[in-house]
Amino acid sequence: MNESNQAKLLDEFLDRLARDAGAEPPAELEANLAEFARATVTATGNLAAPAARSTAQGWQKVLGEVQTQTAPRPAVLRPRRNWRKFALAGLGLAASLALGLLILSALSLGNIPSPREGFSPAAGGTSSLSPTTNSATLIYQEVLQPQNIKADPEQLKSALDIMQQRAKTMQIPGLNLKLQGSQLILELQVQKDQAQQFKETVGLLRIITDPGRIEFVDVGTEPVKIGEQLQTSYCASGSLFEKAPEPCSTQINKPGKGPRLNTAGQPFQTLLTGNQLDFTKLQLATADSSQTIKFAVKGQDDISTLQKYLSLDKSQQIALVLDQQVIALLPPKVLISGAGEISSKDFNLTGNPKLDAISLAALLKFGELPLNFEVVSSRQL
Amino acid sequence: MPDETLTEEEVDILRRAGSDPAEFAPLYERYYPRIYGYCYRRVGRPAEAEDLSSQVFTRALGGLKGYRGGSVAAWLFQIAHNVVVNHLQARQRRPQVSLENDENLFREEELGGVEDGTLEQLIQVEERQQIARLIAALPAEQRELLLLKLVDRLSAKEIGAMLGKSEGAVRIAIYRIMQQLRASYEQLDKEQAG
């Protein structure tokens with residue numbers, strides 16, 4: 001019998017041995033080879049990798065990856081940093097329309113009655129992420145993942161909690177958030193006849209998922225514009241009150257790239273962050289057709305420290321910075337007056353930069369996210 | 001031949017998974033251990049093997065529309081082969097696993113109890129260890145081919161599809177490897193007897 005036939009017989013015998021260790025070899029197969037083949041199968045029979053069982057977690061990871069990859073990538077897919085213009089534009093329109101509702105009463109934070117743009121919550125606003133939909137419903141879905149791939153599950157849960165609290169404060173109806181593995185799924189559902197509001201509300205999602213680091217930054221006498229990106233000292237040397245956290249999500253930029261350094265080539269000094277603000281004194285009010293937010297620096301010691309620092313140079317300007325972007329410029333007196341109370345009456349928040357008081361309140365009240373997220377896919381159904 | 005044809009159940013699962021990836025779960029359960037085992041054997045690190053296995057199933061699900069029928073095992077192993085090769089190329093070094101060096105691959109306790117065994121059992125254990133050492137000494141390509149057959153239990157056709165060879169060529173190659181192993185084993189046996 002030729003080699004090809006013997007090879008075929010051996011192959012068949014090995015297949016049978018795989019199913020039945022006691023299988024008999026074909027009569028035509030060389031007896032010595034058949035015997036050796038059986039011994040070899042036995043010798044390799046225990047070549048099992050450790051911990052080779054599939055797991056539900058592993059499957060969820062695969063499923064999450066697939067959903068991410070197969071999600072359509074329409075025009076709404078964009079880099080993380082491109083959202084702000086869209087969000088702020090939406091916020092401007094939302095804020096102006098909401099004024100009619102807000103003007104009627106002065107409000108405390110615990111009772112913010114201004115639903116965004118007045119559209120009614122869509123069906124399933126608190127249901128699972130796969131609600132029954134109909135042709136009159138618009139669904140917008142985003143998948144986000146932490147920039148740190150090995151994010152701690154506790155941090156993920158904490159981030160989700162903060163986002164949910166922000167969404168509640170901002171009164172965004174029809175919004176569901178949930179974790180799927182290490183990914184965060186946001187689903188917004190509204191009626192189609194509210195398409196315009198839908199677009200604006202999608203913009204508001206950026207506030208929900210924003211890292212939300214608030215910093216008061218000393219910009220000295222340097223000309224700084226609202227909307228400008230600043231490299232602050234927080235991740236390098238910390239603030240007046242805190243050391244730089246580890247890890248710190250803000251990357252140190254290179255000269256000439258990214259957020260700007262000051263004219264001395266150094267990061268702008270962070271005076272304080274949201275950690276030094278007393279949220280129990282946070283208030284949102286509406287008066288004279290505008291919303292104002294009031295908040296306060298914690299403790300007299302902190303206020304004294306600020307006063308001491310700010311008294312060094314009377315020409316200083318303070319920038320209110322959200323995730324390295326200047327959202328308002330404040331005169332130093334705002335930070336050193338009275339009992340450390342800060343009111344947005346003292347700086348222009350509702351005009352330019354269009355981040356309204358409700359959004360700022362939501363960011364301040366519930367603090368910074370423990371993780372930074374990036375949008376990996378988004379789609380509108 | 002093992003896994004060479006699709007069962008009706010698998011056809012149904014694949015059809016449903018085309019519209020809903022979650023339907024693929026039973027095939028993930030069924031094939032994960034083998035795919036993981038293959039990846040682990042090639043890369044030698046549990047964490048990497050897990051990651052690569054996930055990649056295999058992610059690619060499989062992502063490319064479901066491109067699936068043209070045939071054995072699910074062959075399809076998955078083919079993806080696994082590509083994933084592992086890419087991974088190893090990225091590491092720019094050879095696979096880390098040596099059968100001689102990795103106790104997980106040939107666990108002595110599975111080869112038989114030496115202390116309490118009969119003479120016949122002791123001889124069997126010695127025989128298995130000897131064969132294991134001979135397989136470990138094979139050139140990497142030959143060793144991998146043999147283990148795809150003996151450990152991963154793929155058919156010659158499936159291995160051929162995976163490695164871009166004909167079914168006949170795979171059979172011949174395995175036959176020659178086995179002949180070579182047997183000759184080496186007999187030679188060692190003679191030397192020990194002499």
Side-chain angles (χ1 to χ4, degrees), chain A residues 1-21 29-71 130 149-150 180-182, chain B residues 1-2 21-22 24-25 28-41 46 49-50 53-58 60-62 99 104-107 110-111 124 127-132 135 146-147 149-151 153 155-156 167-168 170-176 178-179 181-182 185-186:
Chain A
M1 188 174 284
N2 64 26
E3 184 182 55
S4 176
N5 285 338
Q6 280 293 307
K8 189 176 179 187
L9 290 172
L10 174 66
D11 186 56
E12 288 171 1
F13 183 47
L14 289 172
D15 284 342
R16 284 160 59 188
L17 283 172
R19 292 189 296 268
D20 174 15
L29 183 62
E30 296 168 45
N32 286 348
L33 185 60
E35 187 184 343
F36 185 75
R38 191 189 301 280
T40 305
V41 168
T42 306
T44 56
N46 66 311
L47 287 185
R53 286 182 303 168
S54 61
T55 63
Q57 191 180 9
W59 171 239
Q60 286 305 319
K61 181 183 172 190
V62 169
L63 208 51
E65 288 288 327
V66 171
Q67 285 170 345
T68 299
Q69 288 178 5
T70 55
S130 299
I149 292 170
K150 296 192 182 298
Q180 188 169 284
S182 63
Chain B
M1 292 182 187
F24 196 83
Y28 176 82
E29 288 275 333
R30 187 173 303 163
Y31 289 103
Y32 181 87
R34 291 173 67 186
I35 295 299
Y36 174 87
Y38 172 77
C39 294
Y40 176 75
R41 199 176 67 242
E50 267 184 43
S53 303
S54 290
Q55 284 185 41
V56 170
F57 285 97
T58 302
L61 267 169
L99 292 179
N104 286 324
L105 294 179
F106 277 94
R107 288 171 290 193
E110 295 293 332
L111 295 174
Q124 283 177 352
E127 179 187 75
R128 290 172 198 168
Q129 289 176 342
Q130 192 68 268
I131 292 172
I135 293 174
L146 190 66
L147 294 181
K149 183 73 193 176
L150 301 180
V151 178
R153 301 185 175 187
S155 69
E167 182 180 358
V170 171
R171 282 178 176 156
I172 294 279
I174 290 173
Y175 173 76
R176 288 177 180 169
M178 290 293 286
Q179 287 283 36
L181 277 176
R182 187 184 65 154
Y185 180 78
E186 287 175 352

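Naming convention: chains lettered A, B, ... in sequence-line order (proteins, then strands); numbering from 1 in each chain.
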* Structure fact -> Between Glu127(B) and Ala39(A), the two heavy atoms sitting closest are OE1-CB, 3.6 Å
* To do: Give the minimum heavy-atom separation between Tyr175(B) and Glu3(A), together with the two atoms involved.
  => CE2-CG, 3.5 Å
* Atom NZ of Lys8(A) and atom CD1 of Ile172(B): how far apart are they, to the nearest 0.5 Å? -> 11.5 Å
* Report the relative orientation of the aromatic rings in Trp59(A) and Tyr28(B); use parallel for angles under 30°, tilted for 30 to 60°, perpendicular for over 60°. => tilted
* Structure fact -> Between Ser155(B) and Asp15(A) the two heavy atoms that sit nearest each other are CA-OD1, 4.4 Å
* Asked: What is the minimum heavy-atom distance between Thr44(A) and Val151(B), and which atoms define it?
  -> O-CG2, 3.8 Å
* Asked: If you count heavy-atom pairs under 4.5 Å between each of Arg176(B), Gln130(B), Glu186(B), Gln55(B) and chain A, which one has the most?
  -> Arg176(B)
* **Salt-bridge contact Arg182(B)-Glu30(A) (side-chain N to carboxylate O under 4.0 Å)** => yes
* Residues Thr40(A), Ile135(B); criterion side chain to side chain contact (heavy atoms under 4.5 Å, CB included); working and verdict -> CA-CA 9 Å; Thr40(A) 305; Ile135(B) 293 174; 3.9 Å; yes
* Results of side-chain hydrogen bond (donor to acceptor under 3.5 Å, both in side chains) for Glu35(A) - residues two or more places apart only -> none
* To do: Evaluate the side chain to side chain contact (heavy atoms under 4.5 Å, CB included) criterion for residues Leu33(A) and Gln179(B): first the C-alpha distance (whole Å), next the side-chain angles of each, then the deciding distance (0.1 Å), finally the verdict.
  => CA-CA 7 Å; Leu33(A) 185 60; Gln179(B) 287 283 36; 3.9 Å; yes
* Side chain from CB out, backbone as N, CA, C, O: work out which of these in Lys61(A) comes under 4.5 Å of a heavy atom of chain B, or both, or neither. => side chain
* Asked: Any donor-acceptor pair under 3.5 Å linking the side chain of Arg153(B) with the backbone of Ala18(A)?
  -> yes
* Rounded to the nearest 0.5 Å, how far does NZ of Lys149(B) lie from CG of Leu14(A)? -> 6.0 Å
* **Which residues share a salt bridge (Lys or Arg N to Asp or Glu O under 4.0 Å) with Arg38(A), sequence neighbours left out** => none
* For the residue pair Ser54(B) and Val62(A), what are the closest heavy atoms and their distance? -> O-CG2, 3.8 Å
* Under 4.5 Å from any heavy atom of chain A - which part of Ile35(B) -> neither
